[in-house]
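Each remark here refers to the structure printed beneath this line.
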Amino acid sequence: MVAVAILAAGRGTRMKSNLPKVLHSLAGRSLVERVLDSCKVIDPEKIFAIVGYQADLVKETLAGYPKLEFVEQTEQLGTGHAVQQLLPHLKDFKGDLIVLNGDVPLLRGASIAKLLSTHQTYQNAATILTANVPNPQGYGRVFCNEQNQVRHIVEDKDCTPAQRRNRRINAGVYCFNWPQLAEILPKLTTNNQQKEYYLTDVVKYASPVMAAEVQDYLEISGINDRKQLSSAHQILQMRIKQAWMEAGVTMIDPDSITIDDTVRLESDTIIEPQTHLRGNTAIASGCRIGPGSLIENSAIGANSTVMYSVVTDSCVGENTRIGPYSHLRGKVEVGQSCRIGNFVELKKSTIGNNTNIAHLSYLGDATLGDRVNIGAGTITANYDGFNKHHTQIGDRTKTGANSVLVAPVTLKEDVTVAAGTVVTEDVNEDALVISRPPQIIKKGWRPRNLSK
Ligand code: UD1
Ligand code: CA
């Protein structure tokens with residue numbers, strides 16, 4: 001039997017933020033959600049999140065997480081005190097407890113599984129994940145004997161200059177035999193520089209305590225301040241992009257690209273520089289995305305291109321060209337083989353197949369059929385100051401340059417709208433609609449003040 005506890009009660013003073021540290025986001029997901037996800041592989045019986053600072057906000061973020069129970073630590077008196085809060089909740093529990101700091105978001109599930117299996121193989125009282133890092137500043141230092149048994153963990157602030165030179169650090173990831181830990185927790189004291197109950201002091205009373213080295217020390221990067229948040233971001237981005245390149249995605253200048261780990265890509269897609277893919281986004285094979293594009297919560301069909309454009313909450317079909325400088329937002333659905341061109345904004349609209357909106361248009365709350373051609377500068381006037389209204393455009397209809405479609409309005413199939421027309425009434429199929437005043441030419445006229 002295994003239970004997991006995630007320590008997420010601290011404010012994270014060093015972040016200088018009103019948001020609890022564990023809710024800061026890393027490539028689309030909060031730190032604590034990442035920690036929760038990392039322990040999925042071991043499929044624990046119970047999962048506890050210890051919450052305190054802005055507990056309601058943390059609970060709200062994690063609501064609906066399977067098996068998750070919240071335990072309140074009303075005063076944050078240290079990591080040892082945080083784990084003490086579990087005592088009433090695990091009274092008859094006889095298994096192992098894995099404790100994870102809520103601010104160590106890059107840990108791989110496999111590393112937790114390995115820690116657990118080492119712990120169980122050796123029947124340790126406690127097993128502590130450690131790493132040798134180039135810069136141990138800020139971390140607790142772990143001191144072991146020749147048998148790899150932990151003698152002490154000394155917090156950075158409590159270290160002597162000699163101790164501080166030890167580069168073996170405590171990752172903040174532990175596995176404990178719970179019945180033994182339950183006996184020890186009440187013995188912790190605050191006899192240290194920070195006047196806190198340190199969970200790390202458990203090693204003074206438990207035996208045997210073994211250190212387990214993590215393979216990739218980058219995994220255990222803790223986030224205490226914004227600089228560490230940004231390095232974690234870089235580490236995560238490197239991981240995500242390398243995995244996609246291995247899966248057959250080309251990236252031109254990967255350093256300038258960011259991709260959330262919730263994004264799905266298919267092989268033979270090319271991601272060009274300065275492109276950012278976020279949230280629930282899926283890009284099919286053979287696409288060319290970028291340069292300079294932002295795609296969020298959207299799906300792009302195979303063999304499409306998106307250049308210098310922003311696409312959010314939308315869906316684009318196959319073989320469609322978006323951009324340069326298009327903006328699709330608020331549930332736009334574009335069909336196959338379309339062209340959405342320069343300086344075109346589409347909002348909450350459905351566009352059929354083989355339809356072109358090539359230049360300088362705004363279409364909002366519109367439904368367009370197949371093979372429609374929207375002339376340069378066509379605008380839907382969809383808002384009357386109070387409500388949004390719908391525009392319907394049938395198959396093969398063409399609008400001339402600079403036409404205004406005043407919604408609600410329907411143009412049926414095969415309608416032609418002359419350039420400069422303001423359409424205010426519905427138009428049936430096979431018709432020309434023209435509303436501009438006839439052109440007047442006065443021959444031989446010139447301004448009075450100009451002499452002949
Ligand atoms: C801790 C370890 C240190 C280790 C480092 C790894 C202790 C005493 N020190 O230090 O040895 O190298 O993590 O990243 O454990 N928290 C609570 N309640 C509290 C205090 C903290 O829930 O009362 C939570 C925080 O929200 C955070 C985690 O525990 O998620 C770690 O706390 P933090 O203050 O960041 O500990 P470190 O000083 O980094
Ligand atoms: Ca920390």
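We count ligands from 1, going down the list as the structure has it; atoms in each ligand are counted the same way.
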- Check for a donor-acceptor pair, side chain of T355 on one end and backbone N or O of R371 on the other, with a separation under 3.5 Å. yes
- How does K21 reach ligand 1, by side chain, by backbone, by both or by neither, if only non-hydrogen atoms under 4.0 Å count? side chain
- Query: Of the protein's non-hydrogen atoms, which lies at the shortest distance from atom 12 (O) of ligand 1, and what is that distance?
  - Reply: N170 O, 2.6 Å
- Message: If I apply the N/O under 3.5 Å rule, does Y198 come out as touching ligand 1?
- Response: no
- Contact check, side chains of I235 and S221, non-hydrogen atoms, under 4.5 Å: yes
- Query: So, is N224 placed with an N/O/S atom under 3.0 Å from the Ca ion (ligand 2), counting both backbone and side chain?
  - Reply: yes
- Query: Nearest to atom 10 (O) of ligand 1, what protein heavy atom do you find, and at what distance?
  - Reply: E155 OE1, 3.8 Å
- Task: Answer with side chain, backbone, both or neither: which part of E196 has a heavy atom less than 4.0 angstrom from an atom of ligand 1?
- Result: neither
- Query: When only distance counts, is G140 in polar contact with ligand 1, meaning an N/O pair under 3.5 Å?
  - Reply: yes
- Query: Does Q336 offer a backbone N or O that forms a donor-acceptor pair with the side chain of N353 under 3.5 Å?
  - Reply: yes
- Message: Salt bridge check, D216 against R108: does any charged N sit closer than 4.0 Å to a carboxylate O?
- Response: yes
- Task: List the closest protein heavy-atom neighbour of atom 22 (O) of ligand 1: residue, atom name, distance to the nearest 0.1 Å.
- Result: A9 N, 2.9 Å
- Message: To check your reading of the model: name the closest protein heavy atom to atom 20 (C) of ligand 1, its residue, and the distance in Å.
- Response: G78 C, 3.7 Å
- Query: Is a side-chain donor or acceptor of S293 paired with a backbone partner of V306 at a separation under 3.5 angstrom?
  - Reply: yes
- Counting each atom of ligand 1 from 1 as listed, which ones have a heavy atom of Q73 under 4.0 Å away? 17 (C), 18 (N), 19 (C), 22 (O), 23 (O)
- Message: Any carboxylate oxygen within less than 4.0 angstrom of a Lys/Arg side-chain nitrogen, looking at D261 and R34?
- Response: yes
- Report yes or no: does I169 have a heavy atom closer than 4.0 Å to ligand 1? no
- Item | Subset of ligand 1 atoms that lie under 4.0 Å from at least one heavy atom of G102 | 30 (O)
- Under 3.5 Å, side chain of T378 to main-chain N/O of G375, donor-acceptor pair present? yes
- Item | Under 4.0 Å to a heavy atom of N224 - the qualifying atoms of ligand 1, by number | 35 (O), 39 (O)
- Query: When you check the side-chain N and O atoms of Y217 and E213, is any donor under 3.5 Å from an acceptor?
  - Reply: no
- Should K331 and D313 count as an ion pair when the cut-off is N to O under 4.0 Å? no
- Query: Under 3.5 Å between some N or O of ligand 1 and some N or O of A82?
  - Reply: no
- Message: Is the ring pair Y325/Y308 parallel, tilted or perpendicular, if the boundaries are 30 and 60 degrees?
- Response: parallel
- Taking only heavy atoms of A171 into account, list the atoms of ligand 1 that are under 4.0 Å away from them. 6 (C), 14 (O)
- If you scan protein heavy atoms around atom 30 (O) of ligand 1, the nearest is L7 O, 2.8 Å
- Message: I'd like to know if the side chain of K21 reaches the main chain of I223, judged simply by a donor and an acceptor atom lying under 3.5 Å from each other, with no hydrogens or angles considered.
- Response: yes
- Message: Could you identify the single nearest non-hydrogen protein atom to atom 37 (P) of ligand 1 and state the distance to 0.1 Å?
- Response: R14 NH2, 4.2 Å
- Does the N or O separation between G138 and ligand 1 drop below 3.5 Å for any pair? no
- Item | Short N or O distance, V22 and ligand 1, threshold 3.5 Å exclusive | no
- Please write down residue, atom name and distance for the protein heavy atom closest to atom 13 (O) of ligand 1. N101 ND2, 2.9 Å
- Electrostatic pair D156-R141, nearest N-O below 4.0 angstrom: yes
- Message: Do the side chains of E333 and K348 get close enough for a salt bridge, i.e. N-O under 4.0 angstrom?
- Response: no
- Task: For the Ca ion (ligand 2), find the closest N/O/S atom belonging to D103 and write down its atom name.
- Result: OD2
- Among all protein non-hydrogen atoms, which one is nearest to atom 32 (O) of ligand 1, and what is the separation to 0.1 Å? T79 CG2, 3.9 Å
- Message: Within the structure provided, determine whether L363 and I357 are in side-chain contact (heavy-atom separation under 4.5 Å).
- Response: yes
- Polar contact flag for G10 and ligand 1 (N/O pairs, less than 3.5 Å): yes
- Query: Is ligand 1 less than 4.0 angstrom away from at least one heavy atom of Q194?
  - Reply: no
- Message: With respect to T200, determine whether any N or O atom, backbone or side chain, lies less than 3.5 Å from an N or O atom of ligand 1.
- Response: no
- Cationic N near anionic O, under 4.0 Å, D43 to K67: yes
